Amino acid sequence: MRKCSLDSINKIFGKIAETNKLYLPVDGSDGVAVYTKWEEGKEWSNALNTVRSPKDFFFPQVENLMEFKTSGKNIELTDIREEAEDFVIFGVRACDVRSFDILDRVFLTDPVDSFYASRREHGVIVSVACSKPSETCFCQTFDNIDATNPLGDVTAWKTEDSVYFKANTEKGEAFMKKIESLTEECDDTAVAAEKDKIAAIMKKLPLKDLSADAFGGGKTDTFFNVPEWDELSATCLGCGTCTFVCPTCQCYDIKDFNTGNGVIRYRCWDSCMYSEFTKMAHGNNRLSQKERFRQRFMHKLVYYPENNEGIFGCVGCGRCLAKCPISMNIVKVMKKIGGKVNE
Amino acid sequence: MNKMEETLIPKIGVITDVRIDTPDIKTFRVVTPDGKKAFDHRPGQCAMLSIPGVGEAMFSITSSPTNTEFMEFSIKKCGCVTEWLHQAEVGQQITIRGPYGNPFPVDDVFAGKNLLFIAGGVGLAPLRSVINYCRHYRDRYGDIDIVYGSRSKDDLLDYKEIIEEWSNDAGVNVHLTIDNPQEGWDGHVGFVPNYVKELGFDTNKTAVLCGPPIMIKFTLDGLTSIGFDKTQIYTTLELRMKCGVGKCGRCNVGSKYVCKDGPVFRCDELEELPDEY
Ligand SMILES: Cc1cc2nc3c(=O)[nH]c(=O)nc-3n(C[C@H](O)[C@H](O)[C@H](O)COP(=O)(O)OP(=O)(O)OC[C@H]3O[C@@H](n4cnc5c(N)ncnc54)[C@H](O)[C@@H]3O)c2cc1C
Ligand code: SF4
Ligand code: SF4
Ligand code: FES
């Protein structure tokens, strides 16, 4: 374990930025924390988390895939992807680190998505323990997410006056090597105390007892036709906000854009909450908002775990709790239909 | 790790022949610019075709894998990509990627069986690939019955091939039907599901259904009512698709991705899916 004083953290950022692009949560002028490319003068945000999840780094909202030039009946195809260079994402919370694993299970399974894979290979993740988990947090509902000890290439803990670092992977070791002269060796007493402090807060969170045990693979029949979906989805606007802020939502669309000088084929995030999502020549298999709403939650709570050894497609980051305009969210769904089964 | 040509980046293809099948279906022959088949496939698999600037869409490869020279696609005009293709001429380049999906189990489950193919409209497209594969390896299969129906005589796909080739094969029985009586048609008139019941097949067959969802539903009911078990019946699902590789989420039904786990399903497997396909 190594540490530096909180006052000197910008020196560490400067050191990293000499060789790599470095992104970290920075408060914008509106006070909202956004992952921002670090440069001199940017300060690491104190916010618990960013409104947008860091999934953009590996699965950008819009990503150009290829370019076409046409002349007469002929088509010329060019692979326009930029050679990805190593970059560092600093300050990723435990829930969001876990979301990368959930995305990996989609994009890195055969056939591998090479766009995602390349970004993932080049990204170094420095996670940070959550000093002040909030009332919308429920990462404890899910296995393998530990807000006191997040995963990532390097784990960091931020206390009143210091930042502590521990490398978890080879990439992490390389990161630590780079900042070696700016950090000093230390024991883990302070980190142990910080972990206890976080654990104590976690025990008091309003969602601490939320359980996903009722859900999981093989539960399609149990939940698909329960009448509660009507009530839960009744006021859903189909705005898609929940899917866009969600670190684990991975649906995408592929579209062409005519630049006037060729055609760029790009992919962009899409949402199962949209009525056009499944519209086909012979009809639409999810005609009502209820069916689309149900798809989102069934996918996270039943279908995804069915295909992924029981791992849920939600990490409890709370973004959809904070951002849904009608205050509907996965917690309400879990309580309403999962609670019913538990009774 | 699979390289990019296996995911979203297509190959260039050239249309080398366009056949007008029906008022709204044309069959396109596609090869690579150097005249080869773009990739190998199995019966029932699909490919993504696109025209840059117009879009991409999924189509069944209707030619048999035993055709090593080119691929064929029977395409019904119904939207942006298909309308554009219907105006394309020989020599037009397009893009092609695939093959996608799970094929029909022609080499194991179907081997040695009597086969009953039932298709409606453009639903013949995926079945033609299997039918011609089984005709090619004729001695591996038992009797073959083909029931095919369309709105009218003019809407029957591959009519020439059906009459001149399939109908003349030993052990292959073709049963055609059209929805309404028509001048110059002395064959059967009526909907496919009813015709299947009238024909009253022996249940010692493996059945393959393909067509509009409503036809599949009623034909499936018809087959089970004459004693077929759902484990003897295969069909294909059609859902909106974008990636073709189980990642974009478009074709997800229950824990399955139709592009990857389908489009071919055995009918008892469908019962495990939520009813939204
Ligand atoms: C596994 C699989 C296999 C398939 N095999 C075949 C096959 O062998 N042959 C075949 O013909 N098809 C096949 N299809 C269906 C084919 O993929 C669709 O018909 C195709 O997506 C149509 O593409 P499009 O761009 O022409 O239609 P789109 O433009 O996407 O149109 C789709 C629907 O939107 C409507 N629409 C289009 N434009 C507009 C507009 N401007 N305003 C309002 N509504 C509009 C159309 O009426 C249509 O109902 C298959 C599909 C799948 C999933
Ligand atoms: S469903 Fe909501 S709480 Fe769960 S990961 Fe997505 S945004 Fe976060
Ligand atoms: S659940 Fe809320 S955020 Fe999601 S689509 Fe419906 S209204 Fe929008
Ligand atoms: S088409 Fe993308 S998941 Fe099936």
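What's counted below: heavy atoms across the whole structure, side chains too, no hydrogens, waters or symmetry copies. Just so it is clear, the model here is predicted, and its values are computed rather than measured. The sequence lines fix the lettering, A, B, ..., with proteins before strands; numbering per chain opens at 1.
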Just one of A/Asp253, A/Asp256, A/Asp79 clears the salt bridge (charged side-chain N to carboxylate O under 4.0 Å, His left out) bar with A/Arg265, so which one? A/Asp256
Side chain, backbone, both or neither: which part of A/Met298 has an atom under 4.5 Å from a heavy atom of chain B? neither
Is B/Cys243 in contact with chain A via its backbone, its side chain, both, or neither, using a 4.5 Å heavy-atom distance? both
Whatever's closer than 4.5 Å to a heavy atom in chain B on A/Glu306 counts as side chain
Interface moiety of A/Asn225 toward chain B, non-hydrogen atoms closer than 4.5 Å: neither
Below 4.5 Å from any heavy atom of chain A, which atoms of B/Ile15 appear? Answer side chain, backbone, both or neither. neither
Name the member of B/Leu273, B/Ile12, B/Val253, B/Asp275 that forms the most heavy-atom pairs with chain A at distances under 4.5 Å. B/Ile12
Based on non-hydrogen pairs under 4.5 Å, which of A/Thr109, A/Asp113, A/Asn307 is most in contact with chain B? A/Asn307
Less than 4.5 Å to any heavy atom of chain B: does that hold for the side chain of A/Arg294, its backbone, both, or neither? side chain
Of the backbone (N, CA, C, O) and the side chain (C-beta and beyond), which part of B/Val14 lies under 4.5 Å from a heavy atom of chain A, both, or neither? neither
Toward chain B, the part of A/Thr220 with a non-hydrogen atom under 4.5 Å: side chain
If one checks every heavy atom of A/Gln295 against chain B at 4.5 Å, the contacting part turns out to be side chain
